[in-house]
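Everything numeric here is computed off the predicted structure, so don't read it as measured data. Excluded from the calculations below are hydrogen atoms, water molecules and symmetry mates; all remaining heavy atoms, backbone and side chain alike, are included. Letters A, B, ... mirror the listed sequences (proteins, then strands); counts begin at 1.
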Protein chains: 2
Amino acid sequence: MAKRVTLSDVARRAGLSPAAASMILNGRPDTRLSEEAHNRVNTAAAELGYRPNLAARSLRTEKTQTIGFVSDQVATTRFASGLIKGALDAAEKADHVVLVTETGGDPRREAAAIDALVDRQVDGIIFATMRARELFVPELPSGTRAVLLNATNPRYTTSVLPDELQGGTDAIRRLCAAGHRSSIVLLGQSDELEKDAFRSVTVGRRITGIRREMARSGIAFEAEESVWIWDPEFGYEAMNRLIDRVPDVRAVVCMNDRLAFGAHAALAERGLSVPDDVSLVSFDNDEVAAYLRPGLTTVALPHQQMGARAVELLLGDDAPGEHLVPMPLIERSSIAAPRG
Amino acid sequence: MAKRVTLSDVARRAGLSPAAASMILNGRPDTRLSEEAHNRVNTAAAELGYRPNLAARSLRTEKTQTIGFVSDQVATTRFASGLIKGALDAAEKADHVVLVTETGGDPRREAAAIDALVDRQVDGIIFATMRARELFVPELPSGTRAVLLNATNPRYTTSVLPDELQGGTDAIRRLCAAGHRSSIVLLGQSDELEKDAFRSVTVGRRITGIRREMARSGIAFEAEESVWIWDPEFGYEAMNRLIDRVPDVRAVVCMNDRLAFGAHAALAERGLSVPDDVSLVSFDNDEVAAYLRPGLTTVALPHQQMGARAVELLLGDDAPGEHLVPMPLIERSSIAAPRG
DNA sequence: TAGCCCTGCTGAAACCATTTAGCAGAGTCG
DNA sequence: CGACTCTGCTAAATGGTTTCAGCAGGGCTA
């Protein structure tokens, strides 16, 4: 069984010392080794198919070209895989590789995951949550870099979040641009009922963006329905209540696509067609948004960009702070000019 | 900044040699070190908060307690994240951690990913594909273990696949159990048109399971519609054609849930209700299957179990070969006794 | 009392790359 | 000619763990 090729083998074949070979292969800048030496080492390495032993290298350098990704959930939502994919892609570009772990939100599992990553001397850790929130992060060995993905934390202040304020704003702008100025309802949230309820940092901003832009345009919601669990069935029920309250509803703003999915079903049952009778705008760009007929116009959660941004921040040297990534409006066909 | 605690520190504090400490902490079986020594070392390690330097250990042992996961796709389908989650969970149980990479099906990226993993001396690699197929796996360094997940390969014969034959069988059994014996149609596949087309290993088995069980029960499809891309819109179109061909259709077997989703819409439009007029059974247990009203009865692709099985096989010493994991029938409410 | 085994432990090599200090020789300057 | 610099390279230490060979000393047998 073929033994591994080591640096010494390369050096020997090139007629140089391992030290020289090391410097050359690592492209050290201000070394004084000859052109000639460079060539000999490089060809020797190529001929032998040399691959450095990363364990040995890490032992010396304490770097691993590896980053850790600690997430509370990986399988449940598309959101998670988008974040991971974004991180993977960016890591690949930076010649890093990523160790993925899942904690299920359990602090014990989280601690274990962090230990496992720190033991492997990852160059940095990304902490991701699926529902944006303040995240508890245990003390890390000094020198371990960390960035929060879709989360915030008072100590580790470098974080990546979707720009929900802008997203909320754009959703309303789009509706206004289509000519909607009245008979608009809000599905999913109601300030009266939820004054003190804490949903998440991002939901708060989303709703602020929405309301602020409504105010700026001088229009108001005709009715609002609060929904606790943003799943299709509850969207369906809430939409029915909204139709009862506002029979001439012309536009509905849904807090997310799953609610919109339910709303769509309720509208269809009442004989109201989208977008001819009622326009629909929503958030997240969930898978179902594309399945619906007509396709749902929605403000996307830019998972992949967020994941990518997180690794760029982890590896780069940007200033700490909140980094917002824009939420693009995905135009499909659920918005039209109001009837009549 | 606190320096790392090393094995020597522990040994010194225990008044023993590093060699002794190493053996004790690793629980070597037939060492002759005293009870007393064990205690001293263990308490010293605990007091100092000793954590072994894994880079150093790997350098010696060539093991890393790390496994590699190479997948063609991670973000696109729920399937991918299920596989990953299953693998993550099983790895965690076995005290391993997993390096996830994505290739997008590009052989160059795949080669790069494998290099990156091999360089990091992973204990084994899982190769996963989202659409089951024969997968090309480049030569690996001898001694690198590999298992194929949702894929097959002539050289690396350890693979895990869903038991589609059983899945197909169970779908039909369920329909029969409800009393369906005629006016049954198949949506998504048609032998006449697709005799020579290759879909994937698993689709082939799924359809075989279906047809074999139909034959066994002495019944036959009234009509079949082939669909190339298994997305809702095409399911919708195909269902319309099927209703035209078989106006008294009583049951439809859909090749997957996205098709079923489209079929559901088409049926609703024609005033046919599920399950009272028409029963629906399908495959995959996609997210949409639960969103539909009524909920879709479907034969699930057991992602997580498959992912978990893969790491068990990678780490254990089972015989090579194809390992099938059962596809559970998820009962919701799209099947009822045929009308009339 | 030599020879042997057994117990409980240690010394040192090995794993492999990186890095610092420094050496030999040639050339330059005053 | 001596001091100095510059060039092109190497020796050796370093990082932390595992593991093999073996040592010291006590007890036992012949």
For R120(A) and T66(B), does a side-chain donor sit closer than 3.5 Å to a side-chain acceptor?
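A donor-acceptor contact under 3.5 Å links the two side chains.
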Base dG15(D) to side chain R60(A), donor-acceptor N/O within 3.5 Å cut-off
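When only heavy-atom distances are counted, R60(A) does not reach the base of dG15(D) through any donor-acceptor pair under 3.5 Å.
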It should be established whether [X] places a side-chain nitrogen or oxygen under 4.0 Å from OP1 or OP2 of nucleotide [N].
X      : N       : value
S22(B) : dT18(D) : yes
N26(A) : dT18(C) : yes
Y50(A) : dA17(C) : yes
R28(B) : dT19(D) : yes

Reckon R32(B) touches a base, only the sugar-phosphate, or nothing at all at heavy-atom distances under 4.0 Å?
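Answer is base: heavy atoms of R32(B) come under 4.0 Å of a base.
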For S34(B), answer base if it contacts any base atom (sugar-phosphate contacts may also be present), sugar-phosphate if it contacts only those atoms, and nothing otherwise; contact means non-hydrogen atoms under 4.0 Å.
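Sugar-phosphate only.
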Could you tell me how far apart [X] ([atom1]) and [N] ([atom2]) are, to the nearest whole angstrom?
X       : N       : atom1 : atom2 : value
L59(A)  : dC15(C) : CG    : C1'   : 9 Å
R12(B)  : dT10(C) : CZ    : C1'   : 15 Å
Q121(A) : dG15(D) : CD    : P     : 13 Å
L25(B)  : dT17(D) : CG    : P     : 10 Å
K63(A)  : dG15(D) : NZ    : C1'   : 15 Å
L16(A)  : dA11(D) : CG    : P     : 11 Å
N53(B)  : dG16(D) : CG    : P     : 7 Å
E35(A)  : dT7(D)  : CD    : P     : 15 Å

M23(B) vs S8(B), nearer the 5' end of DNA chain D by closest nucleotide:
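Taking each residue's closest nucleotide, the earlier one in sequence belongs to S8(B).
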L48(B) vs R13(B), test: side-chain contact (heavy atoms from CB on, under 4.5 Å). Steps then yes/no.
CA-CA 9 Å; L48(B) 295 174; R13(B) 175 175 257 250; 3.7 Å; yes
Using the side-chain contact (heavy atoms from CB on, under 4.5 Å) rule, take L301(A) and E164(A) through it: C-alpha gap first, then chi angles, then the decisive distance, then the call.
CA-CA 9 Å; L301(A) 236 20; E164(A) 295 274 7; 3.7 Å; yes
Tell me, with the steps shown, if R109(B) and D72(B) meet salt bridge (Lys or Arg N to Asp or Glu O under 4.0 Å).
CA-CA 10 Å; R109(B) 286 179 72 195; D72(B) 53 357; over 6 Å; no
Decide, yes or no, whether a salt bridge links R51(A) with D119(B) under the criterion of side-chain N to carboxylate O below 4.0 Å.
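A salt bridge is present here (some side-chain N lies under 4.0 Å from a carboxylate O).
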Closest-nucleotide ordering on DNA chain C, the 5'-leading residue of A37(B) and T61(A)
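Result: A37(B).
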